[in-house]
> 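The structure is given below, and queries will be raised subsequently.
Protein chains get the first letters and strands the later ones, always in sequence-line order, with residue 1 at the start of each. Keep in mind that what you see is a predicted model, and the values were worked out from it rather than measured. We use all heavy atoms of the structure for the numbers below, so side chains are in, but hydrogens, waters and symmetry mates are not.
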Amino acid sequence: MKITKPRGTRDFLPAETTRRRYVENIMREVVKNWGYSEVITPTFESLDLFTLKSGEGIVGELYNFTDKGDREMTLRPELTAPVMRMFVNEMQATPKPLKLFYFENCFRYERPQKGRFREFWQFGVELMGSSKPDSDAEVIALASSMLRATGIKGSLHVGHLGILRHILSSLDNEQQSKIMRFVDKKDDTGLDDYLEEINASVDIRRNILELICLTGEDAVNKARTITGEIPELDTFEELLVLLDAYGIEYEIDFGIARGLDYYTGMVFEIYSESLGAQNQICGGGSYQLIKLFGGGDIPSTGFGLGFDRIMEICKIEPKKQKIIAVIAMETTRIETIRIANKLRDFLPVHIDLMGRNFKSQLSYANTISVDYVVIVGEQEIETGKVTLKDMETGKQALMTIEDVIQKVSQ
RNA sequence: GCCGGGGUAGGGUAGCGGUUAUCCUGUGGCCCUGUGGAGGCUACGAUCCGAGUUCGAUUCUCGGUCCCGGCCCCA
């Protein structure tokens, strides 16, 4: 019986794994240079952690299970909640700002499609302890810098929920949430119908519709004419100044709502073309979750990057490392192992494990495209040297191991 | 949960009621136990699963499953 992999999961073959690790390392380099520290949380958590954050409704999208002690658990569908839980459990007394990052696999029980899998990888950052626009700006700049490092051009949309919330402040919470949903989906007719349904005032209707289509340099000033002087706009303006200082291109977009209630102010999303329906590669914002998990009143800001989508659009290829094969004769196998071991301090080395004859070993070396072969034959052993053959030029020469090391590691 | 398109050796494919299931490639071995890439020979290897129609199904029908794309959702 042939066992297939579970739906929505993938096997990564050596070439693809190498590419993924290469890109991952580029991104790690960037966050490390911004002073963020990596954390790892459990692959599964209590189901409650996620229902608390996102409501009972998400259970349908989770890989949840009851363990042998009758505990309701789930594979993590995302990493913000686990990191917040970890912070509340054991990091509340650490100095602020606290700058963390993670890169892990997550699991969602959803219908697979382009750029969407049941097991997927998220690279994310959480900055805790500051509510200043400086933190928001840093987080956006970091996301954008990570993408740039992988050669991806995304379009960055930045907004602020406070402004829309201000307009909606006379409505009740449920109405606000619903409106935010329509806005987030860019469902203008749905929004219109709903505003009609709840009998919203003409002012509110006009203001919402005007606000969500504001773009361009003048957007903040135009927003001011709608809302009047509100502190959220000042904060947002400060943020934009900082983004300019970072040299980042952005588009103001008050239409980003990001559904959930715990987002407090700045929100941003980065999109990429050529990804089909799932074109968002990064989303983030400032939020207030720690209190929900029983911690203090700690403002946070962060983002999550969809690593799999990044891998789909990023074209960079890892630099090929030089590799070498040591070729043995029937009588020199022992000596070959000694020589291979010496070379392994410097580069990847293959030796024959198939009991192949000389010619087949060479042919195999060619097939796996090694850069050099080292021939260890009886003649070589007598002279205390080996033959180094450059597989590209076909040239070869007798030399000592030390010379080989010098030659191949340059 | 819903809609559309698919599924033939490891990869790429042909056949579309009866074939020894085609070809390319790959992998192992040999030709060739001290020199690779070419060539020759040889071995390995497939009709997604299950029902139905039929004398006979890879081919037709239905169901399932998985893949691809889209809707919903997207923390």
> Starting at CD of A:Glu380 and ending at P of B:U35, how long is that distance when rounded to a whole Å?
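After rounding, the reported distance stands at 12 Å.
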
> Return the value, rounded to whole Å, for the distance between atom CD1 of A:Ile327 and atom P of B:G36.
10 Å

> Quick one: is A:Arg356 getting a side-chain N or O under 4.0 Å of the B:G28 phosphate, OP1 or OP2?
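Yes.
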
> With rounding to the closest Å, how many angstrom separate the P atoms on B:U65 and B:G50?
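Rounded to whole Å, the distance is 15 Å.
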
> Over all strands shown, is A:Gln113 touching base, sugar-phosphate only, or nothing at heavy-atom distances under 4.0 angstrom?
base

> Examine the side chains of A:Asp403 and A:Thr400 and answer whether a donor and an acceptor come within less than 3.5 Å of each other.
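Looking only at side-chain atoms, A:Thr400 and A:Asp403 do form a donor-acceptor pair, the distance falling under 3.5 Å.
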
> Just call it for A:Tyr364: base, sugar-phosphate, or nothing, with non-hydrogen atoms closer than 4.0 Å on any strand.
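The answer is nothing, as A:Tyr364 stays clear of every strand by at least 4.0 Å.
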
> Of A:Leu156, A:Asp253, A:Ile256, A:Val158, which is the lone residue that meets side-chain contact (heavy atoms from CB on, under 4.5 Å) with A:Glu269?
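Going through the options one by one, the only one that passes is A:Ile256.
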
> Considering every strand shown, what is the Watson-Crick or G-U wobble mate of B:A46 when both distances are under 3.5 Å?
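None - no nucleotide pairs with B:A46, as no candidate has both distances under 3.5 Å.
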
> With heavy atoms under 4.0 Å as the rule, sort A:Lys114 into base, sugar-phosphate or nothing.
sugar-phosphate

> Can you tell me the distance, in whole Å, between the CZ atom of A:Arg116 and the P atom of B:C67?
14 Å

> Which residue, A:Phe123, A:Phe303, A:Tyr36, forms the ring-ring contact (aromatic ring centres under 6.0 Å, His included) with A:Phe101?
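Only match with A:Phe101 under ring-ring contact (aromatic ring centres under 6.0 Å, His included): A:Phe123.
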
> Mind checking A:Gln280 for me? I need base, sugar-phosphate or nothing, with any heavy atom below 4.0 Å counting as a touch.
nothing

> Counting just side-chain N and O atoms, does A:Arg7 come under 4.0 Å of either OP1 or OP2 of B:C67?
yes

> What's the gap between B:U59 and B:G6 when it is taken at their P atoms, as a whole Å value?
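Between the two P atoms, the distance is 15 Å.
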
> When the ring planes of A:Tyr271 and A:His157 are compared, do they come out parallel, tilted or perpendicular, using 30° and 60° as the limits?
perpendicular

> Grab the CZ-P distance between A:Phe268 and B:A75 for me, whole Å please.
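Taking atom P of B:A75 as the reference, CZ of A:Phe268 is at 13 Å.
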
> Look at all strands and tell whether A:Lys395 reaches a base, only sugar-phosphate, or nothing, counting heavy atoms closer than 4.0 Å.
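A:Lys395: no heavy atom of the nucleic acid under 4.0 Å.
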
> Describe, in one word, how the ring planes of A:Phe107 and A:Tyr63 are oriented to each other, choosing from parallel (under 30°), tilted (30 to 60°) and perpendicular (over 60°).
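Perpendicular: the ring planes of A:Phe107 and A:Tyr63 meet at over 60°.
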
> Rounding to the closest angstrom, what is the interatomic distance between B:G26 and B:U33 at atom P?
23 Å

> Separation of A:Asp11 atom CG from B:C67 atom C1', in whole Å?
14 Å

> So what does A:Gly55 touch, heavy atoms closer than 4.0 Å: a base, only the sugar-phosphate, or nothing?
nothing

> Nearest-nucleotide wise, let me know which of A:Thr393 and A:Phe107 is further upstream toward the 5' end of RNA chain B.
A:Thr393

> Kindly indicate whether the side chain of A:Phe182, heavy atoms from C-beta on, has any atom under 4.5 Å from the side chain of A:Leu195.
no

> For B:C55, what is the paired nucleotide under Watson-Crick or G-U wobble rules, both distances under 3.5 Å?
B:G18

> Measure CE/A:Met354 against P/B:G36 and give the value in whole Å, please.
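It works out to 19 Å between those atoms.
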
> Categorize A:Gly8 for me: base, sugar-phosphate, or nothing, with a 4.0 angstrom heavy-atom threshold over every strand shown.
sugar-phosphate

> Using atom C1' in both nucleotides, what's the gap between B:U13 and B:G4 to the nearest angstrom?
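One C1' to the other, the span is 25 Å.
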
> From B:G34, B:A75, B:C71, pick the nucleotide closest to the side chain of A:Asp184?
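Output: B:A75.
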
> Below 4.0 angstrom from OP1 or OP2 of B:A75, is there any side-chain N or O of A:Arg76?
no

> Should B:G4 form a Watson-Crick or G-U wobble pair with both distances under 3.5 Å, which nucleotide is its partner?
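Across all strands, the one nucleotide that pairs with B:G4 is B:C68.
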
> Side chain of A:Lys389, base of B:U35: donor and acceptor closer than 3.5 Å?
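Looking at the base of B:U35, it does pair with a donor or acceptor on the side chain of A:Lys389 (distance under 3.5 Å).
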
> Have A:Lys322 and A:Tyr372 got a donor and an acceptor in their side chains that come within less than 3.5 Å?
no

> Just call it for A:Gln396: base, sugar-phosphate, or nothing, with non-hydrogen atoms closer than 4.0 Å on any strand.
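A:Gln396: base contact, heavy atoms under 4.0 Å.
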
> Side chain of A:Arg111, heavy atoms from C-beta onward: which of B:A75, B:C3, B:G36 has the nearest atom to it?
B:C3

> Does A:Lys5 put a side-chain nitrogen or oxygen below 4.0 Å from OP1 or OP2 of B:C67?
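Answer is no, no contact under 4.0 Å.
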
> Contact class for A:Ser363 (heavy atom, under 4.0 Å): base, sugar-phosphate, or nothing?
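Counting heavy atoms under 4.0 Å across all strands, the contact made by A:Ser363 is with sugar-phosphate only.
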
> Both distances below 3.5 Å, Watson-Crick or wobble geometry, any strand: find the nucleotide opposite B:U33.
none

> Rounded to the nearest angstrom, tell me the gap between atom CD in A:Glu110 and atom P in B:A75.
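For the pair A:Glu110 CD and B:A75 P, the rounded distance is 10 Å.
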
> Taking the minimum atom-to-atom distance to the side chain of A:Lys185, which one of B:G34, B:A75, B:C73 wins?
B:C73

> I would like to know whether A:Met180 and A:Tyr263 meet side chain to side chain contact (heavy atoms under 4.5 Å, CB included); could you show each step before the answer?
CA-CA 11 Å; A:Met180 299 293 261; A:Tyr263 281 101; over 6 Å; no

> Starting from the 5' end of RNA chain B, give me the residue, A:Tyr262 or A:Gly115, whose nearest nucleotide shows up first.
A:Gly115

> If I pick the P atom on B:U22 and the same atom on B:C44, what distance separates them, to the nearest angstrom?
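Roughly 14 Å separates the two P atoms.
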
> Categorize A:Thr367 for me: base, sugar-phosphate, or nothing, with a 4.0 angstrom heavy-atom threshold over every strand shown.
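Touches sugar-phosphate only.
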
> For B:G29 versus B:C48, give the span between their C1' atoms, rounded off to a whole number of Å.
32 Å

> Using atom P of each nucleotide, how far apart are B:G5 and B:G10 to the nearest Å?
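Looking at atom P only, B:G5 and B:G10 are 28 Å apart.
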
> Please state the C1' separation for the pair B:A57 and B:C41 - nearest whole angstrom.
36 Å

> Rounded to the nearest Å, what distance is computed from the CG atom of residue A:Asn279 to the C1' atom of nucleotide B:G69?
15 Å

